[in-house]
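Okay, so here's the structure we're looking at.
For clarity, every value in this text was computed on a predicted model and none was experimentally measured.
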2 protein chains.
Amino acid sequence: MATSPSPRPTRAAGDRNRARITGTAAELASIEGIDGLSIGRLADATGLAKSSIHALFGSKEDLQLATIDAARDSFIAEVVAPALAAAPPGRDRLLALCEGFLSYVERRVFPGGCFFVGAAAELGSRPGRVHDEVARVQRQWADLLEREATTAVDSGELPAGTDPQQLSFELGVILAGTNIVSVLHDDLGAVERARSAVRRALGYGA
Amino acid sequence: MATSPSPRPTRAAGDRNRARITGTAAELASIEGIDGLSIGRLADATGLAKSSIHALFGSKEDLQLATIDAARDSFIAEVVAPALAAAPPGRDRLLALCEGFLSYVERRVFPGGCFFVGAAAELGSRPGRVHDEVARVQRQWADLLEREATTAVDSGELPAGTDPQQLSFELGVILAGTNIVSVLHDDLGAVERARSAVRRALGYGA
DNA sequence: CCTACCGATCGGTAGG
DNA sequence: CCTACCGATCGGTAGG
């Protein structure tokens, strides 16, 4: 009557489960918020017991930090890496990053719109480790844009006298604002208008 | 032993209380979110019993709708009305509206940043009456900007060929994006950079 | 506008 | 990774 032994979960299986949980958590959090998402609903969505999620991640805050990490990986894979592969440093890459972001919003890579715009809006005025981690990722993105803008100015691809920090700031807030407006009104026209704005700001088709 | 009769609340007193509750609710919601805000915490903050808030507003959804109304009144009083009073229709008024918004973010009229940017980000992908009301207010703001942009183009204050819808879209997303970045990093420099962006977009100091 | 409740859900823990 | 719990808090209602 010996049944097959209940398989003891391996380390790799645990990692796979953790990745599946944080992936689902990032999707849900883009809709319900990173704080609005509850461990109970996440357990339902993944088919696990609530206490299993606690066992795998510790506290809710630790789960949130792991979720931010997973969302950052998605963002890099969907927006950053393709732009770096598609265009050389400078103006072309800056355009590719902006268009990559807009495509990612358009395709609803996260069902509730950009995870980080949502998290930044939600946690902006609530101090803590989760806030700080979101701020850190946002700053990395802003720095990336600024670096490419600097290269573009230094190489003469953008008019001398262009302030790279000011230009990259404007692009960043246009992208974030567009995500909000596009999701709120379920309006892809906003993404199209943002494409025009970005191209004009970078001097394409002028 | 007749004590002074317990004063029966008048209609006016009820209205005053309702206004005090929705005002506090809008402040708290700008930090914790319009859904994250609980009736229990709102009761604590106002010194009322939870059930009193239910008695005055009905359901949580009705309270949220009343809170949006109160926040809209604040926005009009702090941003829209001063700009309408300070500048004639057209380009100057468009600038006054944008600078009024940036000043309102800078002054933290709502402690967690613009109530409507927060609510739009939070509710963008969650259908319902509250979402629809936030979307309606956002559209009124966008329409206001577009109207002034149209006047500015028609009167020749902005270059012929300027698309008023595109221009007002760009201004709107810059303002929304700036609110998020400025609150997230507690950085008033973002507001200053947005002022530069708005002035350049409108051809001031060019 | 209050006290006194309701069932449901929250994050988290014990113990295996 | 599970069952079985914990106290706290959620939105809401009865009844005054």
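Closest contact between the side chain of A/Ala49 and the listed nucleotides D/dG11, C/dG12, D/dT3 involves D/dT3. The A/Leu56 side chain lies nearest to D/dC1 when the options are D/dT3, D/dC1, C/dG11. Which of C/dC1, C/dG12, D/dC1 sits closest to the side chain of A/Leu48 comes down to D/dC1. Between C/dC1, C/dG11, D/dC1, one nucleotide has an atom nearer to the side chain of A/His54 than all others, and that is C/dG11.
Residue A/Lys50 contributes atom NZ, which lies 10 Å from atom C1' of D/dC6 at whole-angstrom precision. The nearest whole Å value for the distance from the CZ atom in A/Phe57 to the P atom in C/dT13 is 16 Å. A straight line from CG of A/Leu63 to P of D/dC1 spans 14 Å, rounded to a whole angstrom. For the pair B/Lys60 NZ and C/dT9 P, the computed distance is 15 Å after rounding to whole Å. The separation between A/Leu37 atom CG and C/dT9 atom C1' is 14 Å, rounded to whole Å. Rounded to whole Å, atom P of C/dG11 lies 12 Å from atom CG of A/Asp44. A/Ile21 has its CD1 atom 10 Å from the C1' atom of D/dC1, to the nearest Å. Between B/Arg20 atom CZ and C/dC1 atom P there is a gap of 8 Å when expressed in whole angstrom units.
Nearest-nucleotide positions on DNA chain D for A/Ala55 and B/Gly36 put A/Ala55 closer to the 5' end.
OP1 or OP2 of C/dC10 has at least one side-chain nitrogen or oxygen of A/Arg41 nearer than 4.0 Å. Of the side-chain N and O atoms in B/Ser51, none sit less than 4.0 angstrom from OP1 or OP2 of C/dC2.
In this structure, CG on B/Asp62 lies 13.5 Å from CD1 on B/Ile53, to the nearest 0.5 angstrom.
In this structure, A/Arg41 pairs ionically with A/Glu32, as a charged nitrogen and a carboxylate oxygen lie closer than 4.0 Å. Between B/Glu106 and B/Arg195 a salt bridge is recorded (basic side-chain N to carboxylate O distance below 4.0 Å). Look at A/Asp44 and A/Lys50 and you find no salt bridge, because none of the NZ, NE, NH1 or NH2 atoms lies under 4.0 Å from a carboxylate O.
Remark: D/dC2 base-pairs with C/dG15; criterion is Watson-Crick or G-U wobble with both hydrogen-bond distances under 3.5 Å.
Of the candidates B/His131, B/Arg129, B/Arg136, B/Arg136 is the only one forming a side chain to side chain donor-acceptor pair (under 3.5 Å) with B/Glu133.
B/Arg18 comes within contact range of no nucleotide atom at all, as no heavy-atom separation falls under 4.0 Å.
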